[in-house]
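Here's the structure, in structure tokens; my notes come after.
When a ligand or atom number is given, it counts from 1 through the structure's own listing order. All values below come from the heavy atoms of this structure, side chains included, with hydrogens, waters and symmetry mates left out. Owing to the predicted nature of the structure, the values given are computational and were not obtained by experimental measurement.
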Amino acid sequence: MTLLDEVGGWIATARSIVVLTGAGISTESGIPDFRGPDGVWTRDPAAERLSNIGYYVADERVRRESWRRRSEHPAWRARPNAGHRALVELERAGRLELLVTQNIDGLHLAAGSSPDRLIEIHGTIRDTACLSCGDRRPMPEALARVRAGEPDPACLVCGGILKSATVSFGQNLDPRALTRAEAAAETCDLFVAVGTSLTVYPVARLPERALDASARLVIINAEPTQLDDRADAVLRGRAGDLLPALATGIVASDRRPLG
Ligand code: NAD
């Protein structure tokens, strides 16, 4: 039996499965990750400043640069890939308790993952949020203003600073979303981490919580992670190959007639 078969068996029989995804599941859709070999920060370490709320609030130049990058973000052209679709299949086969994604690209929803079973724990680039009054609107409205000549569009309700509805470094996660993700991690019996370097906290603590509660941990990633030595299985490779390979057997066996 191969390791892939063994992990497939765990997925088919687990009582409760939580999947955590990171930027690596979307690289095959054309969105670079941060820390992989072609990652945004690997190629341009200064870009990390743009993800820090302190610099964003204090410096209009950082905001203008952020709006320029948002306008050109690859998410606007990206389509879900086979990895995103395999997770939809697992959900439809009744094999997914909760999908927690660190991605802000909206591709799990675009693939068909149910909003009820999905937590976009670092928010979404598809909306804007005002840092003062919290007013939230679809991102295309703000991008149209940028294209029309406003390099740093202000909130239309209160004049406050606008930002994508994403969680930057220095901003708190939505406490309800985090509590729900933590509770699911602590009560699942199988936790699968896909395409994440497991370096951004507090999300990176979720698989540790699952392990501490005696769940199995499976890591699917192109490169080593800091939790590999505690994982029950490490599948090294592309999420777009490995997730469909895992889902195919499970979805097929799930559709087999009973008896
Ligand atoms: P990361 O960049 O720190 O790590 C990504 C990991 O995925 C790397 O270890 C890399 O080896 C692996 N990887 C790359 N392509 C892969 C593939 N095809 N199959 C399997 N593994 C692959 O990403 P992270 O852990 O998610 O943390 C980065 C933070 O940046 C997150 O908070 C996330 O919100 C944000 N981010 C999001 C996007 C997005 O929305 N698509 C893109 C970049 C960064």
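Considering both main-chain and side-chain atoms, A23 comes within under 3.5 Å of ligand 1 through a nitrogen or oxygen pair. Some N or O of I104 is nearer than 3.5 Å to an N or O of ligand 1, by distance alone. Between P32 and ligand 1, a contact under 3.5 Å exists for no N or O pair. Taking only nitrogen or oxygen atoms, main chain and side chain alike, A239 reaches within less than 3.5 Å of ligand 1. Below 3.5 Å of separation, one finds no N or O of G22 facing any N or O of ligand 1.
Distance alone, capped at 3.5 Å, is enough to place a donor-acceptor pair between the S114 side chain and the D116 backbone. D152 places no side-chain N or O within 3.5 Å of a backbone atom of R64 that could act as its donor or acceptor partner.
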Applying salt bridge (charged side-chain N to carboxylate O under 4.0 Å, His left out), run through D174 and R180 and close with a yes or a no. CA-CA 10 Å; D174 174 352; R180 185 174 169 211; over 6 Å; no

For I31 and L107, run side chain to side chain contact (heavy atoms under 4.5 Å, CB included): C-alpha distance rounded to whole Å, both residues' side-chain angles, the deciding distance at 0.1 Å, then the answer. CA-CA 10 Å; I31 303 178; L107 289 184; 3.9 Å; yes

Please report the C-alpha distance between R69 and E65 in whole Å, then the side-chain angles of each, then the deciding distance to 0.1 Å, and finally whether the salt bridge (charged side-chain N to carboxylate O under 4.0 Å, His left out) criterion is met. CA-CA 6 Å; R69 289 185 185 225; E65 175 63 7; 2.9 Å; yes

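Below 4.0 Å from some heavy atom of V200 lie the following atoms of ligand 1, by number and element: 27 (O). Set against the non-hydrogen atoms of A222, the atoms of ligand 1 under 4.0 Å away are 11 (O), 13 (N), 20 (C), 21 (N), 22 (C). For ligand 1 and G24, the ligand atoms under 4.0 Å from any heavy atom of the residue are 5 (C), 7 (O), 13 (N), 14 (C), 15 (N), 16 (C), 17 (C), 18 (N), 19 (N), 22 (C). Less than 4.0 angstrom separates some heavy atom of E28 from each of these atoms of ligand 1: 17 (C), 18 (N), 19 (N). Each of the following atoms of ligand 1 lies closer than 4.0 Å to a heavy atom of S26: 41 (N). Remark: ligand 1 atoms within the under-4.0 Å shell around heavy atoms of I31 are 41 (N). Each of the atoms 19 (N), 20 (C) of ligand 1 lies under 4.0 Å from some heavy atom of G237. For ligand 1, the atoms closer than 4.0 angstrom to any heavy atom of G195 are 5 (C), 6 (C), 7 (O), 21 (N).
Using a 4.5 Å cut-off on side-chain heavy atoms (C-beta onward), S71 and R68 make no contact. Side-chain atoms of P207 and L20, non-hydrogen and from C-beta on, do get closer than 4.5 Å to each other. A heavy-atom distance below 4.5 Å is not found between the side chains of S197 and T225.
Among T27, V167, N103, L20, the residue whose heavy atom sits closest to atom 37 (C) of ligand 1 is N103. For atom 25 (O) of ligand 1, the choice among T196, I121, N221, L242 with the nearest heavy atom turns out to be T196. The closest heavy-atom contact to atom 31 (C) of ligand 1, among the options R238, H122, H73, E223, comes from H122.
If you take CD1 on I17 and SG on C188, they are separated by 9.0 Å, rounding to the nearest 0.5 Å.
The neighbour count for Y55 OH, taken as heavy atoms of other residues, nucleotides or ligands under 6.0 Å away, does not exceed 12.
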